[in-house]
Amino acid sequence: MRLEDRITRRRQRGGTRRRLVRDLSALDPTAHPDEPTGRGPTLERILDHLDPIFDGDLPPNAHIYGPKGAGKSAVVTTLFEHLSRVVPSQQSVIYTTTRTAGAPTTSFAYIDARDASTEFALLHATLDALSEESIPSQGVGVEALRDRLARRVSYDERAVVAVDHVGEPETYEAMTAIEALEAVSPNFSVLTVGRTPLDGETAERIQSVSVPKYERHSLVDILVARASDGVARNALTHEVTSNVAAWADGDAHDALSALYGATTLAATDGADTIGAEYVDAGMDAVPEDGCSLGRVFALPDSRHHVLRAFVELDDEDTASVSAATEAIASTPTVSLSEATIRRVLYELSDLGIVRRVSERDSTDGPGRPATRPIPNFSTLAFRGLIDTNH
DNA sequence: AATCCACCGGAATTTAGGGCAC
DNA sequence: GTGCCCTAAATTCCGGTGGATT
């Protein structure tokens, strides 16, 4: 959290009333702190790879991979933010006579493929990140985007583009991103970030950096640091915190989701500490092999509305996809037709955001038996986050 | 006016299980 | 008892529409 934010929050809070929750967003599993904890070696390895830029050269394309919640996004986002500040680029430099003619300059762009999940969107987001002015996102074709982007990096300008979250169900493979940008200009270097290593022959052509899951003690450090900003001092015992870290098995996302959920529960109860009972409930709310909340929140608004209604349904209303569809359709905040809601539920289930389980027991009447749709993420954390962030 | 992408809605297809005839 | 057919629900697929821009 930035210093001014801290001060602002203090002022808004007014007095020094002792409260359990200081700043819930500090425990947000989808947000990354400015200085990632415990990822020094990874940072170094990525910097090693990017080293040519400090000599004015363009590094080769590369791929970073590691399991969910290993801090990949945290490292890459902060790294690129700092790089674009430290390394001067064409647009931030005021032209002077001292500028060596022809000396290449390098720009940096961080793109989240979840928000840019088509080639069009990828190019658009890249151009947007590299340009001052905003770029129209409609009424212009892919070809026109390529032209503008190529012009942007022509001459002596280079750009390193990080494309995060490649290879997920709603995005594309690393090679797709690399090829899309290579087709625009040879002045691009692409750094893809995903969960899985490259396969087969591409693995030999593209350098890779593997990010291991967090060690237990590193994850504890992260949780302690986040909790110290998020909740009152001593609200979480060390024992409870390390239990969460052990349970999460190196996955910072799951650990934070559990703590976030636990905190919302404790706060609604008016408790003054987050005891084991809350943390257990928080952990229970996080499904095994669940999908990350980042993916959930990257969905379009219409899907958020559906999910928001969906997570409020009781067991009876989620007995089948049809039942859930009906219940969601009767929610006033959802304006989609039943046909679309139904399709959305199937769509989300394809993406792994909703899971469908077949009910063995209740086989009533003819026809194909129903499957019960259930959210594949912590609904507890989802509810808290969607109110504050979305 | 023409072009372009994203989003929606509904139609078309597939499927699992029970009923019925043999 | 076995296998085919029927039903209703589950699941998938595609063409139309909208809003924005040049």
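Sequence lines set the chain letters: A, B, ... in the order given, protein chains first and strands last, and positions in each chain run from 1.
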Nearest to the side chain of [X], which nucleotide is it out of [options]?
X: Asp350(A); options: dA10(C), dG9(B), dT12(C); answer: dT12(C)
X: Ala339(A); options: dA10(C), dG9(B), dA6(B); answer: dG9(B)
X: Tyr346(A); options: dA10(C), dA6(B), dG9(B); answer: dA10(C)

Atom pair distance, as rounded to whole Å: [atom1] in [X] and [atom2] in [N]:
X: Leu145(A); N: dT3(B); atom1: CG; atom2: P; answer: 17 Å
X: Glu347(A); N: dC7(B); atom1: CD; atom2: P; answer: 10 Å
X: Arg303(A); N: dA6(B); atom1: CZ; atom2: P; answer: 13 Å
X: His124(A); N: dA6(B); atom1: NE2; atom2: P; answer: 10 Å
X: Arg342(A); N: dA11(B); atom1: CZ; atom2: P; answer: 13 Å
X: Ile341(A); N: dC7(B); atom1: CD1; atom2: P; answer: 16 Å

Of Val140(A) and Ser322(A), the one whose closest DNA chain C nucleotide lies more 5': Ser322(A)

Can you list the steps and then say if Phe297(A) with His304(A) is a side chain to side chain contact (heavy atoms under 4.5 Å, CB included)? CA-CA 7 Å; Phe297(A) 288 118; His304(A) 289 165; 4.3 Å; yes

Hey, does the Lys NZ or Arg CZ of Arg39(A) hover above the aromatic six-ring of Tyr214(A), less than 6.0 Å from the centre and inside 45° of the axis? yes

Does [X] make a side-chain N or O approach to OP1 or OP2 of [N] shorter than 4.0 Å?
X: Thr325(A); N: dA9(C); answer: no
X: Arg343(A); N: dA10(C); answer: no
X: Thr118(A); N: dC5(B); answer: no

If I take atom CD1 from residue Ile64(A) and atom OG1 from residue Thr42(A), how far apart are they, to the nearest 0.5 angstrom? 8.5 Å

Test item: Asp317(A) side-chain N/O and Ala327(A) main-chain N/O as donor-acceptor pair under 3.5 Å: no

Looking at every heavy atom in both Tyr172(A) and Ala116(A), which two are closest together, and how far apart are they? OH-O, 2.8 Å

Using a heavy-atom cut-off of under 4.0 Å over every strand shown, decide if [X] touches base, sugar-phosphate, or nothing.
X: Thr340(A); answer: base
X: Phe120(A); answer: sugar-phosphate
X: Val344(A); answer: nothing

